[in-house]
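Please read all numbers here as calculations on a predicted model, not as lab measurements.
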Amino acid sequence: MSLLEQLNQQQLEAVTCVDRHLRIIAGAGSGKTRVVTTRIAYLIEQCHIYPNKILAITFTNKAAREMKERVEGFLGDTAQAVMISTIHSFCVRLLREDILVHGYPRNFTILDADDQRSILRDAYKQLQVDVKTYSYHRVLSYISNNKTNFIDANSALARANYEGERIMANVYAFYEKRLAEMFGLDFDDLLIFTYHILKEHVEVRKKWQRRFAYLHVDEFQDVDMLQYQIIKMLVKEDSYLCVVGDPDQTIYTWRGAQVDIIMNFEKDFPHSHTVILNENYRSTQPILQASNELIKNNRNRIEKELFTRNESDERIVHFTAMDDYNEPIWVAGKILSLHHNGVKYRDIAVLYRSNYLSRGLEKALLDQHIPYRIYGGVRFYDRAEIKDALSYLRLLAPKVEGDDKELFKNLAVKRIINLPKRGIGAKTLETLEQEAAVKDTNMYEILKQGGFGKGKAKESIAKFVEVIEASRSCVDTISIDQLLSKVLEDSGYMEMLRNDAEIERLENLKELISDIANYVENNPDGSLLDYLQEISLYSDKEDLDNGEFVQLMTIHAAKGLEFDRVFVYSLCDGIFPNERSINEGGQQALEEERRLAYVAFTRAKKQLFLSDSYGYSYVLDKLKTTSRFVKEIPQDCLQEVGAKPRNSFASDVDTYQGSGFSSLGNTTDEAIEHTSKKKGKIRKGDLVVHDVFGEGIVIKLEGELAVIAFDKKYGIRKILATHASLHKK
DNA sequence: GCTGATTGTCTTTTT
DNA sequence: GACAATCAGC
């Protein structure tokens, strides 16, 4: 019984508890993936459960893949039949099979963030909404919040309290109408549709219930109500649900995650059993102690203390750089010296709170020739050239029964009709869209009928249609990768990139094409449609992480992963904990930020490095100080290295307003003229030199005053942009 | 009517 | 540093 040999008492209990619903509270690094994968193997090998009767829901595609690999390690090919996927992928699978009962065709389109914005753009135009007041981000989250709480556009409008809300409700209505017309589903819809189908169609629900005898849900602390309802409907009287989670690692409440669900599990599943795993096998004593002490500062929390037997006298290293230029340089230097001492790049990860922070890091790593790979950020399938290419493919997709109008093609047409430039601008596009609406068909159909557009546009449209149609006639005769090559070549898209020497984009397209070739090989029966459906859930290519790269990612993306050496970067108050988040969510948000820090720290197995920097932050619009999360770590776990501020009034400086200079100097046009002619007008972001204060950076312009961040001694000052003592560098 | 250059605004976290 | 709005020029 080698399967169970390596397990401790609690793990064994969790693996072998197969006759009841089960809740596993698994602290960070307590071997929860091992427990779940072993349990699946145990069910199949010892309890003779058919592999296809087992379902495991994970949080990310990455986690799903990893779990699958580990189950394969136990079972070999048998593992193929176990269904391991994210909840979204699972829903897509269900919908492909059963969405017909909901009146939608099986080839429904899944919309990504870009598509959503494209629809909002239309809505704003028609409803005359101002983007500046209603950012896409804000309205999309408004829509998402309503949708996941089952508030439709009408109800949202009815309950709107002020003008702004009414406007957003109207955009919401437009958005929903547009989606329905094109049989498009956004990420929320995947869950919502699944929920409705399972709830309202008993025969479908029964069918899916019968499929699974054992269900597992990982990262259960981050499940939201909608997901929970779906999961509950999949459990029948004689099947068993096993959930695994850690309330201290709840980091998705902003997306609707509810910790109550895992806390109150036994209310919904009265005869369930609970196992607590609190021995940490991952981190060393100092890392774990620091994490324990940190998370204790959360008031809203169930007491739980992890312990480890991994003794180590290696402390957590904390470095404070003088400014954000030197911080990544320190990180890069540290990585280099680790590498010289035999540490593999792939065993090092740099984690940060927000995607934009990777920029500074990237530069420093490039300078040091350290290979790295960023997860998240601008992901592979989010890249413009990839989406352009896929839009071409979408136009080639054959018609499917149940979707005569193929309005989803409008999105593709809008994206690529003028890529490469064909002299087709906004005006032409607008008339085209109107005509398509009048004729009740998609925009490409109008183009295909011929004769659309005037002058130059008319010709290039005809040529465009010709290219598309030529490729379309090959859909059944050549493979998908060949098809894409052909259409990109014929359309002039490739040529456009070559002319602009867009090496990287060309590389990416090559990669996409070889990826598709791979898909074709693995799915000989897969049609173009199948392929397009398949990839819409993937945001990133996930096959390269075995390479020799330092791994860069947000902490959210690092959830569930572990690394030998972990850097947590830019631990500055305001950046992490994130200021916006706290402003919006108060104490609760702060506690979520702290849980996020807890997740970050507990990713480290052997060594943990924390860094931050002083100096001015554009994002925060103030001088930075070390994050409170660093201060919450006991001193004896920490080893401080690097700069201390030269004086202690740094925090006073950021409120410094007056300069005494504002009334000096003249404000005539001549003076401005003088500056602008000789050295160019002073602009935001410029590096300047002041006769007295030395070097500084222009933070912003307030009329004729320039707000400039000088060295710490002088802090932030407002100085007349045209003042004689000020020079652009 | 289309294109390209310039300015301004805003950057939390994800399937 | 990405993206949208704006404007001048073709």
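- Remark: A:Asp222 does not engage A:Arg255 in a salt bridge, criterion side-chain N to carboxylate O under 4.0 Å.
- Contact check on A:Glu591 versus A:Arg301 returns no salt bridge, with no Lys/Arg side-chain nitrogen under 4.0 Å from an Asp/Glu carboxylate oxygen.
- For A:Glu495 and A:Arg498, the salt-bridge test fails: no basic side-chain N is under 4.0 Å from an acidic carboxylate O.
- Note: A:Tyr124 and A:Tyr136 meet the aromatic proximity criterion, with ring centroids under 6.0 Å apart.
- Regarding A:Trp254, its CH2 atom lies at a distance of 11 Å from the P atom of B:dT12, rounded to whole Å.
- One atom, CD of A:Glu362, and another, P of C:dA2, lie 11 Å apart when rounded to the nearest Å.
- Among B:dT15, B:dT13, B:dT11, the nucleotide with an atom closest to any side-chain atom of A:Thr60 is B:dT15.
- Look at CD1 on A:Ile374: it is 12 Å from P on C:dG1, rounded to the nearest Å.
- Regarding contacts with the backbone of B:dT15, every side-chain N or O of A:Ser89 stays at 4.0 angstrom or more from both OP1 and OP2.
- Here A:Phe59 does not lie in a stacked arrangement on the base of B:dT15, lacking the combination of planes under 30° and ring centres under 5.5 Å apart.
- Contact annotation: A:Arg359 does not reach the phosphate of C:dG1 (side-chain N/O to OP1 or OP2, under 4.0 Å).
- Side-chain atoms of A:Arg353 and base atoms of B:dT12 include a donor and an acceptor less than 3.5 Å apart.
- With centres under 5.5 Å and a plane angle under 30° as the test, the ring of A:Tyr356 is not stacked against the base of B:dT11.
- Between the side chains of A:Asp573 and A:Thr625, no donor-acceptor pair is found at a separation under 3.5 Å.
- Looking at the side chain of A:Thr86, the nearest of the listed nucleotides B:dT12, B:dT15, B:dT13 is B:dT15.
- Among B:dT15, B:dT12, B:dT14, the nucleotide with an atom closest to any side-chain atom of A:His88 is B:dT15.
- Applying the ring pair (Phe, Tyr, Trp, His ring centres under 6.0 Å) test to residues at least two apart or on different chains, the pairs with a partner in residues 572-601 of chain A are A:Phe576-A:Phe629.
- In this structure, A:Arg255 and A:Ser135 both approach DNA chain B, and ranking their closest nucleotides by distance from the 5' end singles out A:Ser135.
- Of all non-hydrogen atoms in A:Met443 and A:Leu432, the two that sit nearest each other are O-CD1, 3.7 Å.
- Remark: A:Arg96 qualifies as a cation-pi partner of A:Phe108 under the 6.0 Å distance and 45° angle criteria applied to the six-membered ring.
- For the pair A:Asn355 and B:dT14, the criterion of a side-chain N or O lying under 4.0 Å from OP1 or OP2 is met.
- B:dT14 atom P lies 13 Å from atom CD of A:Glu592, rounded to whole Å.
- As rounded to whole Å, 21 Å separates atom P of B:dT13 from atom CD of A:Gln588.
- Summarising the geometry, the separation between CD on A:Gln249 and P on B:dT14 is reported as 16 Å, rounded to the nearest angstrom.
- A salt bridge is absent between A:Asp246 and A:Lys32: the closest approach of a Lys/Arg side-chain nitrogen to an acidic carboxylate oxygen does not fall below 4.0 angstrom.
- Of the N and O atoms on the side chains of A:Tyr175 and A:Gln116, at least one donor lies less than 3.5 Å from an acceptor on the other residue.
- Listed candidates were B:dT14, B:dT15, B:dT13. Nearest to the side chain of A:Ser354 is B:dT13.
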Could you run down the sub-3.5 Å N/O contacts of the protein with nucleotides 3-5 of chain B?
residue, atom, partner, partner atom, Å
B:dT3, OP1, A:Gly423, N, 3.2
B:dT3, OP2, A:Asn418, ND2, 3.1

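- Rounded to whole angstrom, the span from the OH atom of A:Tyr352 across to the C1' atom of B:dT14 amounts to 14 Å.
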Could you run down the sub-3.5 Å N/O contacts of the protein with nucleotides 4-10 of chain C?
residue, atom, partner, partner atom, Å
C:dA4, OP1, A:Arg121, NH1, 2.9

